[in-house]
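Numbering of ligands and ligand atoms starts at 1, following listing order. Index from 1, following the sequence.
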Amino acid sequence: MDHPVSKIVIVGGGSAGWLTAGLLASQLSGDADAPVDITLVESPDVKTIGVGEGTWPTMRMTLKKIGITETEFLTRCSASFKQGTKFVAWSSGNEDERYYHPFSAPAGYGELNLASYWQDQKSRVSFVDAVSFQGHLCDRYLAPKQLATPDYAFVANYGYHLDAGQFAGLLQEHCTQRLGVRHIRDHVTRINGAPDSDIRSLSTASGVDIEGDLFIDCTGLRSLLLDGHYGIPFVSRAGSLFNDAALAVQVPYSEPDAPIASQTTSTARPAGWIWDIGLQSRRGVGYTYSSAHTDDEVAFQTLRKYVHATGGPEIDTLEPRKISFAPGHREQFWHRNCVAIGMSAGFLEPLEASALVMVELAGQFIAEECPVDRGSMSLVSKRFNKLFRYRWDRIIDFLKLHYLLSQRHDSEFWADNRKRETIPDSLGERLELWRHRAPWLTDFPYQDEIFSAASYQYVLYGMGFDTRVRKNAHHLTHANAAQRFFVENHQAANRIIAGLPANRSLLNTICRQAQQV
Ligand SMILES: Cc1cc2nc3c(=O)[nH]c(=O)nc-3n(C[C@H](O)[C@H](O)[C@H](O)COP(=O)(O)OP(=O)(O)OC[C@H]3O[C@@H](n4cnc5c(N)ncnc54)[C@H](O)[C@@H]3O)c2cc1C
């Protein structure tokens with residue numbers, strides 16, 4: 001047999017490194033025929049990025065696979081439940097205007113495309129309220145489940161808000177103490193192996209050599225292995241997505257028992273948008289903006305005004321942190337025996353919190369498809385590169401959708417975002433189709449599409465996009481069934497609202513019970 005892949009070395013101990021370690025160790029170790037040894041090396045000198053607080057519902061399954069209980073996760077990471085995103089002032093710029101992109105699919109999804117039937121009633125009810133009860137839960141700061149609902153199960157689909165530093169700490173403890181991951185705290189100074197061949201080993205500042213068969217680059221924006229060693233080119237996507245900076249602060253609640261929002265709130269501003277994420281202990285707030293359309297001082301004042309208006313203190317006292325990034329990704333993600341996961345593979349503004357889910361998907365791909373020997377690695381890497389390039393393209397399409405549908409005229413940022421040359425062809429073509437029919441499953445051919453037709457529907461119709469549906473025979477035949485779904489959704493909303501606790505109250509109870517055990 002060819003050289004077996006039995007030693008995996010992960011470089012980097014941020015969320016990407018530890019999530020990958022957890023996914024691999026929980027699924028690959030314990031195979032007596034092909035044992036896999038996992039080592040994670042992280043530098044004591046290079047801090048993790050320390051942001052990244054919103055997840056997708058996929059995180060529930062990821063944590064379950066890794067073997068962390070939901071109670072442990074919620075109590076250790078100051079985590080809260082996230083049921084989607086509320087977009088404020090995105091369409092016209094009016095501060096009262098808002099819509100939700102919830103995590104639950106529309107009623108009847110997969111059976112009947114309710115977006116087609118909603119068009120007749122759009123002056124009376126918003127799309128999200130017609131097809132989902134989740135916006136009502138978010139409006140009322142309600143949790144997506146009850147105390148008796150089992151770990152990771154739900155009444156309404158949800159992901160999390162979490163403290164990134166505490167999350168990496170919990171994963172590290174779990175991976176090293178329960179999953180057998182070897183942890184080395186040392187700075188990687190040299191990568192051994194010619195640039196036109198495999199990496200053999202890594203040398204560290206304290207003189208240790210770490211050998212491996214597969215190296216996973218989780219070194220964040222440095223991209224030490226894929227870029228630094230192999231020089232894999234960066235593909236800039238700044239032509240479509242302009243945001244390249246963020247100013248982040250941690251905001252205390254005005255009182256300890258303040259309600260915890262059950263969604264991320266994203267408020268459009270003249271040169272970008274502000275995220276607002278409620279954890280148990282504090283809020284995470286930040287302005288993501290385009291440095292070509294504003295400067296740091298104006299960005300600071302924009303964030304300051306927002307924090308003040310939402311009950312926070314003066315932000316000078318909160319040590320705001322600026323983070324710069326280039327929107328884009330590597331040309332390839334897996335080259336020879338090196339694969340980049342996390343920010344080393346690329347980064348796009350966190351508008352739909354799509355970074356951690358890409359880490360989960362990449363880690364899961366390797367756990368499932370891990371090549372048994374070096375010979376089969378080329379085939380696996382080819383598949384990985386193709387799939388993940390597809391996913392980056394789809395994320396760019398979906399993020400761009402939010403901007404190009406906006407009618408805001410208050411700054412060049414919004415006007416530039418609507419320029420034809422900034423819109424990917426793949427998105428422009430779909431938009432043309434959706435002028436005559438609503439997005440549907442057939443528009444996205446893969447089973448695990450990163451953004452589904454449901455997500456497109458929520459954003460398109462939340463932003464006021466016009467679809468002129470043809471009322472053909474098929475449409476008319478199912479009109480009664482569609483009406484039934486609308487009525488059932490309305491009835492379910494009333495029932496479910498009455499049965500769910502407040503987000504804060506459920507989290508307090510879970511944490512209190514955990515302390516008593
Ligand atoms: C403003 C902002 C907001 C974001 N919000 C979200 C969000 O809401 N949701 C979401 O999913 N994602 C979000 N992200 C992305 C998310 O933060 C990252 O994807 C996630 O934290 C993973 O980062 P990482 O582990 O790749 O990199 P990092 O956290 O930067 O970790 C890099 C690691 O590499 C190590 N390292 C570097 N050099 C060396 C060396 N020479 N030797 C050894 N080790 C080394 C460091 O010590 C560190 O441990 C956001 C990002 C930004 C910038």
Side-chain angles (χ1 to χ4, degrees), residues 9-21 39-59 62 82 85 159-165 167-169 171-172 183-191 202-206 208 210 215-229 243-249 263-266 272-277 279 284-289 303 320-327 329 340-363 395 450:
V9 178
I10 299 167
V11 191
S15 305
W18 285 114
L19 270 172
T20 305
T39 299
L40 186 147
V41 53
E42 73 172 309
S43 171
D45 309 325
V46 184
K47 281 194 178 148
T48 59
I49 191 124
V51 281
E53 298 181 327
T55 84
W56 282 23
T58 48
M59 188 59 83
T62 294
K82 169 179 175 180
T85 303
Y160 303 104
H161 292 138
L162 55 83
D163 179 295
F167 185 45
L171 287 167
Q172 174 189 321
H183 184 201
I184 300 173
R185 282 180 68 79
D186 210 343
H187 189 82
V188 172
T189 50
R190 206 176 61 227
I191 292 142
L202 309 173
S203 301
T204 69
S206 59
V208 175
I210 307 166
F215 291 84
I216 304 188
D217 184 346
C218 294
T219 57
L221 293 173
R222 278 176 180 73
S223 195
L224 192 70
L225 279 63
L226 198 70
D227 179 17
H229 179 66
N243 289 343
D244 58 359
L247 203 55
V249 282
Q263 81 286 331
T264 297
T265 300
S266 160
W273 57 277
I274 290 177
W275 78 79
D276 193 336
I277 284 177
L279 306 185
V285 181
Y287 186 21
T288 313
Y289 58 94
L303 184 61
R321 193 155 73 91
K322 183 180 171 197
I323 301 158
S324 297
F325 56 88
H329 51 77
I341 297 183
M343 302 204 40
S344 57
F347 182 64
L348 302 167
E349 58 175 278
L351 182 57
E352 287 282 358
S354 47
L356 289 176
V357 67
M358 286 287 268
V359 170
E360 296 171 69
L361 287 166
I395 294 173
I450 193 109

Enquirer: Heavy-atom distance under 4.5 Å between the side chains of S15 and V359, does that happen here?
Expert: no
Enquirer: On a heavy-atom basis, I'd like to know which of V46, V11, I191 is closest to atom 46 (C) of ligand 1.
Expert: V46
Enquirer: Taking atom 17 (O) of ligand 1 as the point of reference, which of V357, T189, V51, L202 owns the nearest heavy atom?
Expert: V51
Enquirer: Should you measure from each heavy atom of G342, which atoms of ligand 1 turn up under 4.0 Å away?
Expert: 26 (O)
Enquirer: Roughly how far, to the nearest 0.5 Å, is the CD1 atom of I341 from the CG atom of L19?
Expert: 10.0 Å
Enquirer: Should one rank T48, V188, L162 by closest heavy-atom distance to atom 40 (C) of ligand 1, which comes out on top?
Expert: V188
Enquirer: Suppose we measure from atom 3 (C) of ligand 1 to each protein heavy atom; which comes out shortest, and what is that distance?
Expert: P350 CG, 3.5 Å
Enquirer: Side-chain contact test, heavy atoms from C-beta onward, threshold under 4.5 Å: evaluate it for I395 versus E352 and give yes or no.
Expert: no
Enquirer: Quick one: does ligand 1 sit under 4.0 Å from the side chain of A164, the backbone, both or neither, non-hydrogen atoms only?
Expert: neither
Enquirer: At under 4.0 Å between heavy atoms, is it the side chain or the backbone of E42 that contacts ligand 1, or both, or neither?
Expert: both
Enquirer: Give a yes/no on ligand 1: does T264 have at least one heavy atom closer than 4.0 angstrom to it?
Expert: no
Enquirer: Looking at atom 18 (C) of ligand 1, what's its closest protein heavy atom, distance included?
Expert: M343 SD, 3.5 Å
Enquirer: Please verify whether a non-hydrogen atom of F347 lies at under 4.0 Å from ligand 1.
Expert: yes
Enquirer: What protein heavy atom is closest to atom 35 (C) of ligand 1, reported as residue, atom name and distance in Å?
Expert: G12 CA, 3.6 Å
Enquirer: Among all protein heavy atoms, pick out the one at the shortest distance from atom 25 (O) of ligand 1; state its residue, atom name and that distance to 0.1 Å.
Expert: A16 N, 3.1 Å
Enquirer: List the closest protein heavy-atom neighbour of atom 9 (N) of ligand 1: residue, atom name, distance to the nearest 0.1 Å.
Expert: G54 O, 2.8 Å
Enquirer: Which pairs pass salt bridge (charged side-chain N to carboxylate O under 4.0 Å, His left out) with one or both residues in residues 42-54, sequence neighbours excluded?
Expert: E42-R185, E53-R282
Enquirer: To the nearest 0.5 Å, how far apart are CD1 in I323 and CD1 in I49?
Expert: 5.0 Å
Enquirer: Got the closest protein heavy atom to atom 38 (N) of ligand 1, with its distance?
Expert: R222 CD, 3.6 Å
Enquirer: Tell me whether W275 reaches ligand 1 (any heavy atom closer than 4.0 angstrom to a ligand atom).
Expert: yes
Enquirer: Is the contact between A246 and ligand 1 made by the side chain, the backbone, both, or neither, using heavy atoms and a 4.0 Å cut-off?
Expert: side chain
Enquirer: Nearest protein heavy atom to atom 13 (C) of ligand 1, by residue and atom, and its distance?
Expert: G52 CA, 3.4 Å
Enquirer: Go through ligand 1 atom by atom and flag the ones less than 4.0 Å from a non-hydrogen atom of H187.
Expert: 40 (C), 41 (N), 42 (N)
Enquirer: Please confirm whether the ring centroid of H161 lies under 6.0 Å from the ring centroid of W275.
Expert: no
Enquirer: Is it the case that over 12 heavy atoms from other parts of the model lie below 6.0 angstrom from the CZ atom of R321?
Expert: yes
Enquirer: Indicate yes or no: at least one non-hydrogen side-chain atom of T288 is less than 4.5 angstrom from one of F325.
Expert: yes
Enquirer: Under 4.0 Å, counting heavy atoms only: does G286 come that close to any atom of ligand 1?
Expert: no
Enquirer: Quick one: look at L224 and ligand 1, take heavy-atom pairs under 4.0 Å, and tell me if it's side chain, backbone, both or neither.
Expert: side chain
